[in-house]
Visitor: 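Let me begin by handing over the structure; questions about it come next.
Side chains included, hydrogens not; waters and symmetry mates left out as well; all remaining heavy atoms used. Model, not experiment: these values are computed from the prediction.
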Amino acid sequence: AMHRLGVMSARGEGGPVDPAGSIAWFEKAASFGLLDSQYNLGATYHPTTDGSAGGVQNAGLAYYWYSVAAKNGDAQAAEMAAGLAAT
């Protein structure tokens with residue numbers, strides 16, 4: 001449920017898009033070990049070239065959360081962490 005609330009906040013389902021709210025929900029779910037929330041935190045913080053992440057871009061935090069998800073078995077997160085490490 002916490003993960004789903006994070007997704008809804010990120011997409012603006014049921015209200016305005018709320019990056020800070022989605023991060024808070026994803027962090028709660030990630031603290032319980034939910035792999036999808038760990039990955040989504042990496043994706044939320046992942047820097048973009050067009051600046052569309054709503055001011056929450058942070059390569060260090062993106063790398064951290066991708067690395068946590070990778071350690072827990074997410075192969076795509078491992079690739080994303082490696083890509084950030086290369087930059």
Side-chain angles (χ1 to χ4, degrees):
M2 290 180 271
H3 176 77
R4 182 67 187 133
L5 287 168
V7 170
M8 291 174 68
S9 294
R11 293 180 180 168
E13 295 174 1
V17 172
D18 182 8
S22 69
I23 289 168
W25 284 115
F26 288 143
E27 285 178 343
K28 288 177 185 183
S31 73
F32 285 102
L34 189 65
L35 184 61
D36 289 341
S37 287
Q38 295 165 352
Y39 180 89
N40 282 7
L41 283 164
T44 298
Y45 286 119
H46 195 111
T48 61
T49 57
D50 64 1
S52 65
V56 295
Q57 298 181 35
N58 184 315
L61 286 172
Y63 176 80
Y64 171 79
W65 283 110
Y66 283 141
S67 296
V68 170
K71 182 180 176 188
N72 289 316
D74 189 312
Q76 185 176 2
E79 293 174 16
M80 298 302 284
L84 281 173
T87 61

Visitor: According to salt bridge (charged side-chain N to carboxylate O under 4.0 Å, His left out), who are the partners of E27, at least two apart in sequence or on a separate chain?
Guide: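 Partners of E27 by the salt bridge (charged side-chain N to carboxylate O under 4.0 Å, His left out) criterion come out as none, since no residue qualifies.
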Visitor: Shortest non-hydrogen contact from A77 to A70?
Guide: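 Closest approach of A77 to A70, heavy atoms only: CB-N, 3.8 Å.
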Visitor: Going by the rule side-chain hydrogen bond (donor to acceptor under 3.5 Å, both in side chains), which residues pair with D36 if we only count those two or more places apart in sequence or in a different chain?
Guide: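 If we apply the side-chain hydrogen bond (donor to acceptor under 3.5 Å, both in side chains) test to D36, skipping adjacent residues, there are no hits.
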Visitor: What closest approach, in Å, do Q38 and A30 show between heavy atoms, and which atom pair accounts for it?
Guide: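 That would be NE2-O, 3.5 Å.
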Visitor: Quick one: pull up CG in L5 and CZ in F26 and give me the separation to the nearest 0.5 Å.
Guide: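 CZ of F26 is found 9.5 Å from CG of L5.
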Visitor: For residues L61 and V68: do they belong to one hydrophobic cluster (side chain heavy atoms under 4.5 Å, members Ile, Leu, Val, Met, Phe, Trp, Tyr)?
Guide: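 Linked within one cluster.
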Visitor: Given side chains that start at C-beta, do those of Y64 and L41 come closer than 4.5 Å, heavy atoms only?
Guide: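 In short, these two side chains do not touch, never coming nearer than 4.5 Å.
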Visitor: Could you note down all residue pairs passing salt bridge (Lys or Arg N to Asp or Glu O under 4.0 Å) where residues 5-17 supplies at least one of them, sequence neighbours left out?
Guide: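 Applying salt bridge (Lys or Arg N to Asp or Glu O under 4.0 Å) to every pair that reaches into residues 5-17, excluding sequence neighbours, yields R4-E13, R11-E13.
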Visitor: side-chain hydrogen bond (donor to acceptor under 3.5 Å, both in side chains) with S22: which residues, sequence neighbours excluded?
Guide: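 Expected list: none.
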Visitor: Nearest 0.5 Å, please: how far is CG in N72 from CG in L34?
Guide: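 One finds 10.0 Å between CG of L34 and CG of N72.
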Visitor: Quick one: hydrophobic cluster around Y39, which other residues, with the 4.5 Å side-chain cut-off, linked directly or via members?
Guide: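 Y39 clusters with Y63, Y66, M80, L84.
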Visitor: Considering only heavy atoms from C-beta outward, does the side chain of H3 approach that of W25 to under 4.5 Å?
Guide: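 The answer is no; the side chains never approach within 4.5 Å.
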Visitor: First locate atom CG of N58, then atom OG1 of T44, and finally report the distance between them rounded to the nearest 0.5 Å.
Guide: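 Atom-to-atom, N58:CG and T44:OG1 are 11.5 Å apart.
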Visitor: Per the salt bridge (Lys or Arg N to Asp or Glu O under 4.0 Å) rule, what does the pair list look like for residues 70-87, sequence neighbours excluded?
Guide: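 Non-adjacent pairs meeting salt bridge (Lys or Arg N to Asp or Glu O under 4.0 Å): zero.
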